[in-house]
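The structure appears right after this line, and notes come after that.
Fair warning: this is a prediction, and the values are worked out from it, not measured in the lab. Throughout, numbering of the chain's residues begins at 1 and tracks the sequence.
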Amino acid sequence: MENAHIQEFFQRLDALEPKHRIHLKRSCGMLLREADAETMQVFFRVLPQDVPGWLEDHWFTAACIHCLWKAEEENRKPMQECIAAVKELEGTSESFEKRFTTLLETPWEDDGFLCRKMERMAKYLKQKGYAVDGALLLRDLLYWDHEDKFVQKQWIKTYWQMTQKEN
């Protein structure tokens, strides 16, 4: 999927009326098939036409997470940078590292398990004052199950290299 399509999608999301963004926000952690009809209408109104059906849940997950923050939210960062920043802020916590590791080891499957884990992590990051860049998250989700695991490698490198810079 082209970056232009992804950027256009998130621009359309940010242009939605707040009441429509709330539908997506409330569906965070769900798969598209679990959403109500009104939420589906909002989603398909902004989704590029050439997104294949088997990728719609990826786009929906990223859209719902993106809508946890207001459209005008600035300083959005890749989720892995937010996670690394929380680690720096709170120090090394065995439970937090386990949560991060479990997230990385979870494959994208039709059961929505990864979707719910991403939602919980995003809400945790929001609680800590960080804003996730939905477009960058979508790019990562689209390649999450790649056999080379390059997304997970990048997340791990970011997590540890940001920590080492601070020390």
Side-chain angles (χ1 to χ4, degrees), residues 1-87 89-90 96 99-100 102-104 106-145 151-152 154-155 158:
M1 195 62 22
E2 290 180 38
N3 286 339
H5 277 74
I6 292 172
Q7 290 304 323
E8 180 183 333
F9 174 67
F10 284 93
Q11 288 170 354
R12 287 181 183 173
L13 269 178
D14 287 341
L16 288 171
E17 294 178 39
K19 68 179 182 179
H20 292 141
R21 289 176 55 84
I22 288 170
H23 283 288
L24 293 166
K25 177 182 178 177
R26 289 183 180 158
S27 296
C28 198
M30 296 180 188
L31 294 172
L32 183 57
R33 69 175 176 261
E34 299 167 324
D36 61 33
E38 199 166 348
T39 303
M40 286 186 200
Q41 288 185 61
V42 170
F43 176 68
F44 283 110
R45 189 178 314 153
V46 296
L47 185 71
Q49 291 182 356
D50 58 348
V51 173
W54 61 278
L55 288 176
E56 288 172 353
D57 279 324
H58 297 70
W59 287 71
F60 186 70
T61 296
C64 292
I65 288 173
H66 184 79
C67 288
L68 289 173
W69 291 269
K70 293 183 179 182
E72 58 276 359
E73 180 72 41
E74 295 181 8
N75 299 318
R76 290 180 184 257
K77 295 180 179 170
M79 185 177 269
Q80 67 271 24
E81 284 186 21
C82 296
I83 292 169
V86 167
K87 179 182 184 278
L89 184 69
E90 296 183 356
F96 187 74
R99 187 176 183 182
F100 178 61
T102 301
L103 178 70
L104 293 173
T106 304
W108 182 278
E109 294 181 356
D110 291 338
D111 62 2
F113 192 63
L114 178 62
C115 177
R116 286 185 291 283
K117 287 198 164 300
M118 286 287 179
E119 174 240 354
R120 285 193 290 271
M121 182 61 80
K123 286 182 175 178
Y124 178 78
L125 295 170
K126 182 177 182 187
Q127 177 186 14
K128 297 294 182 180
Y130 296 96
V132 172
D133 185 316
L136 295 176
L137 178 61
L138 175 57
R139 285 187 198 108
D140 287 347
L141 290 176
L142 292 173
Y143 294 100
W144 192 261
D145 286 334
V151 171
Q152 290 83 348
Q154 184 57 51
W155 282 40
T158 300

Those residues at least two apart in sequence (or on a different chain) that pass salt bridge (Lys or Arg N to Asp or Glu O under 4.0 Å) with Asp14 are Arg21
Residues at least two apart in sequence or cross-chain that pass salt bridge (Lys or Arg N to Asp or Glu O under 4.0 Å) with Lys123, listed by chain then number, are Glu119
Over all atoms of both residues, closest heavy-atom pair of [X] and [Y]:
| X | Y | result |
| --- | --- | --- |
| Thr158 | Glu81 | CG2-CG, 3.7 Å |
| Trp155 | Met79 | CH2-SD, 3.6 Å |
| Leu104 | Gln152 | O-CG, 3.5 Å |
| Ala35 | Met40 | O-CE, 3.3 Å |
| Pro107 | Asp145 | CA-OD1, 3.5 Å |
| Arg12 | Val46 | NH1-O, 3.2 Å |

Test your reading of the model: is there a side-chain donor-acceptor pair from Lys117 to the backbone of Thr106, 3.5 Å cut-off?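 No, the answer is negative, given that no donor and acceptor are paired below the 3.5 Å cut-off.
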### Task
Check whether any side-chain N or O of Trp69 sits under 3.5 Å from a backbone N or O of Tyr130 as a donor-acceptor pair, and report yes or no.
yes
Nearest 0.5 Å please: distance from the [atom1] atom of [X] over to the [atom2] atom of [Y].
| X | Y | atom1 | atom2 | result |
| --- | --- | --- | --- | --- |
| Met121 | Arg99 | CE | CZ | 5.0 Å |
| Gln7 | Leu138 | CD | CG | 10.0 Å |
| Asp110 | Trp54 | CG | CH2 | 11.5 Å |
| Leu141 | Trp59 | CG | CH2 | 11.5 Å |
| Ile65 | Cys115 | CD1 | SG | 6.5 Å |
| Asp133 | Arg139 | CG | CZ | 7.5 Å |

Is there a side-chain contact between Met118 and Leu137 (heavy atoms, below 4.5 Å)?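 Side-chain contact under 4.5 Å: yes.
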**Q.** Side-chain heavy atoms of Leu114 within contact of Thr61, under 4.5 Å
**A.**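 Leu114 does not reach Thr61 side chain to side chain.
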- request: Please report the C-alpha distance between Phe100 and Lys87 in whole Å, then the side-chain angles of each, then the deciding distance to 0.1 Å, and finally whether the side chain to side chain contact (heavy atoms under 4.5 Å, CB included) criterion is met.
  value: CA-CA 10 Å; Phe100 178 61; Lys87 179 182 184 278; over 6 Å; no
Is it true that, when you exclude [X] itself, more than 12 heavy atoms of the residues, nucleotides or ligands shown sit nearer than 6.0 Å to its [atom1]?
| X | atom1 | answer |
| --- | --- | --- |
| Asp111 | CG | yes |
| Phe44 | CZ | yes |
| Lys77 | NZ | no |

Show which side-chain atoms of residues 22-32 pair as donor or acceptor with protein atoms under 3.5 Å away, not counting sequence neighbours.
unit_1	atom_1	unit_2	atom_2	d
His23	NE2	Glu38	OE2	3.2
Ser27	OG	His23	O	3.1

- [ ] Apply the ring-ring contact (aromatic ring centres under 6.0 Å, His included) test between His66 and each candidate in Phe10, Phe43, Phe60; give the one that qualifies.
- [x]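 Per the ring-ring contact (aromatic ring centres under 6.0 Å, His included) rule, the option paired with His66 is Phe10, out of Phe10, Phe43, Phe60.
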